[in-house]
Novice: 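Submitted below is the structure of interest, expressed as structure tokens.
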Number of protein chains: 2
Amino acid sequence: MTETQKRPYHHGDLRQAIIETAIAMLNEPGGWQFTLREVARRAGVSHAAPYKHFPDKAALLAEIALIGFDRLHVALASARSGAGNATEALVAASRAYLVFGLGNPALYRLMFGAEIGNSAAVHRDKRAMGAFDVVMDLLAEGQAAGLIEKRGVAGQAASVWAQMHGLTMLKLDGMLRPERVGEDAVEAALASFYEGVFV
Amino acid sequence: MTETQKRPYHHGDLRQAIIETAIAMLNEPGGWQFTLREVARRAGVSHAAPYKHFPDKAALLAEIALIGFDRLHVALASARSGAGNATEALVAASRAYLVFGLGNPALYRLMFGAEIGNSAAVHRDKRAMGAFDVVMDLLAEGQAAGLIEKRGVAGQAASVWAQMHGLTMLKLDGMLRPERVGEDAVEAALASFYEGVFV
DNA sequence: ACCTGAACACCGTTCAAGT
DNA sequence: ACCTGAACACCGTTCAAGT
């Protein structure tokens, strides 16, 4: 937490410091327009220094996106373990998903953004799957327990994932306005959705 | 289609030309990193000229996003009128939605992106509602005809919208990989979703 | 009324040179 | 091995001046 910039030429772990500074910047208003030079400035280092640790700006962003997926994974897993049966856990995980997305708007957008090049997209996909697997497991478990409609698990999981992602995004974009779609459209949509999934 | 740049100082309708050029650029690979100077260049005009028609870059992007929503509205409405009953129309509209999003990746991302400032978000919301209303009408119609599960229409519509948006985005991000979630995960997810919505 | 050209303050990225 | 400083090619935006 000692954020002084009187470091002795060599920064202890600049790579890590850059990542942390960048994530912190993302959570500020307007943090989505994110400048490598500003990160360097805040880390107390020259604007060229980051290039010793990341090939370019996109690489840093990609790395941060992966960290975001790890955090989402943790949030979902912990929501699951704190809940009872599969359907309760699924609802809890959905809420946790929304809380994560709405609480970290710029990070969340970055995770699903086009700034991540197609080459890095493969890694994104892999790390994202940790969170995805939580959903798939819950669905399989719920189906086995007779709590969830028996359909193809992959398609069902994709549908659940899309529902959570879609709701998060629409809410972030301010597209679920009370005068249009009711006071708490997110809750209503989630309820409506799970009515069709739970048995 | 005469894209010559020998215009006599005054461009006929530069404002319109800028918008069209910008939309064309969006549909090129890497079109999401979109530069005002390049638009001016292609329009055969100085880099300062656009500022006579748009206060800044964000304003141009916001305008283009609104056009995108109009086009989506048209696509959904035409899919609806080409289909039979409410459920068939809903499926047709969902397909049209996906085709639109996957066919115009950068435009679609722009429509839902953070580049649109919060002030412009209100307008975005209003224009987006044209498309949203198509969905709501179809649901109300389907419920009345006993084809669709009777739930709160607002929540149901939000859920449908979220499903389409989520699927489009996940597909655009390359997050629905065959080895994970099957060959045609989009179709499977859509089928799974509508099983829970249709009666 | 509409457009240009030069100018300003910024970026991302590179590279020789410093410690 | 790690970092700096100057440099390059670009942006977005502004503004006096041109047509």
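So that the names make sense, note that chain A is the first sequence line, chain B the second, and so on, each numbered from 1.
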Novice: Write down the partner of dC8(C) under the Watson-Crick or G-U wobble criteria, each distance required to be under 3.5 Å.
Specialist: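 Because both required distances fall under 3.5 Å, dC8(C) counts as paired with dG12(D).
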Novice: Mind checking who dG18(D) pairs with, Watson-Crick or G-U wobble, both distances under 3.5 Å?
Specialist: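 Partner of dG18(D): dC2(C).
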Novice: Within this structure, what is the CD-to-C1' distance between Gln33(B) and dG12(D), rounded to whole angstrom?
Specialist: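 Result: 15 Å.
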Novice: In whole Å, what is the span from the CZ atom of Arg37(A) to the C1' atom of dG12(C)?
Specialist: 7 Å
Novice: dG12(D) P sits how many Å from Phe54(B) CZ, rounded?
Specialist: 14 Å
Novice: Between dG12(D) atom P and Glu115(B) atom CD, what is the distance in whole Å?
Specialist: 13 Å
Novice: Have a look at Thr35(A) and say if it touches a base, only the backbone sugar-phosphate, or nothing, with a 4.0 Å heavy-atom cut-off.
Specialist: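 Counting heavy atoms under 4.0 Å across all strands, the contact made by Thr35(A) is with sugar-phosphate only.
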Novice: Please evaluate residues Phe100(A) and His73(A) with respect to the criterion ring-ring contact (aromatic ring centres under 6.0 Å, His included), reporting the C-alpha separation (whole Å), side-chain torsions for both, the decisive distance (0.1 Å), and the verdict.
Specialist: CA-CA 10 Å; Phe100(A) 177 85; His73(A) 181 19; over 10 Å; no
Novice: Counting just side-chain N and O atoms, does Lys52(A) come under 4.0 Å of either OP1 or OP2 of dC3(D)?
Specialist: no
Novice: On DNA chain D, nearest-nucleotide positions of Pro55(B) versus Ser46(A): which is more 5'?
Specialist: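 Per heavy-atom nearest nucleotide, the more 5' residue is Ser46(A).
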Novice: Rounded to whole angstrom units, what separation is found between the CZ atom of Arg41(B) and the C1' atom of dT4(C)?
Specialist: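 From Arg41(B) CZ to dT4(C) C1': 15 Å.
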Novice: Can you tell me how far P of dC2(C) sits from CD1 of Ile18(B), to the nearest Å?
Specialist: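 In whole Å, dC2(C) P and Ile18(B) CD1 are 12 Å from each other.
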Novice: Tell me the interatomic distance from Leu36(B), atom CG, to dT14(D), atom P, rounded to whole angstroms.
Specialist: 11 Å
Novice: When you check the side-chain N and O atoms of Thr87(B) and Tyr194(B), is any donor under 3.5 Å from an acceptor?
Specialist: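 Side chains of Thr87(B) and Tyr194(B): no pair found under 3.5 Å.
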Novice: NZ of Lys171(A): more than 12 outside heavy atoms within 6.0 angstrom?
Specialist: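 No - once you tally the heavy atoms of other residues, nucleotides and ligands closer than 6.0 Å, there are 12 at most.
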Novice: Are Lys150(A) and Glu195(B) ion-paired here, with the side-chain N under 4.0 Å from a carboxylate O?
Specialist: no
Novice: For the residue pair Gln33(A) and Glu115(B), confirm or rule out a side-chain donor-acceptor distance under 3.5 Å.
Specialist: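 No, because no side-chain N or O of Gln33(A) sits under 3.5 Å from a partner of the opposite role on Glu115(B).
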Novice: Picking from dC3(D), dG12(C), dC3(C), which would you name as closest to the side chain of Leu14(A)?
Specialist: dC3(D)
Novice: Please check the phosphate of dA1(C) (OP1 and OP2 only) for any side-chain N or O of Arg15(B) closer than 4.0 Å.
Specialist: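 So the side-chain polar atoms of Arg15(B) never come under 4.0 Å of the phosphate oxygens OP1 or OP2 of dA1(C).
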Novice: Starting at atom NZ of Lys57(A), determine the distance to atom P of dT13(C), rounded to an integer number of angstrom.
Specialist: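 So the NZ-P distance, Lys57(A) to dT13(C), works out to 8 Å.
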Novice: Of His47(A) and Ala49(B), whose nearest nucleotide on DNA chain C comes first from the 5' end?
Specialist: Ala49(B)
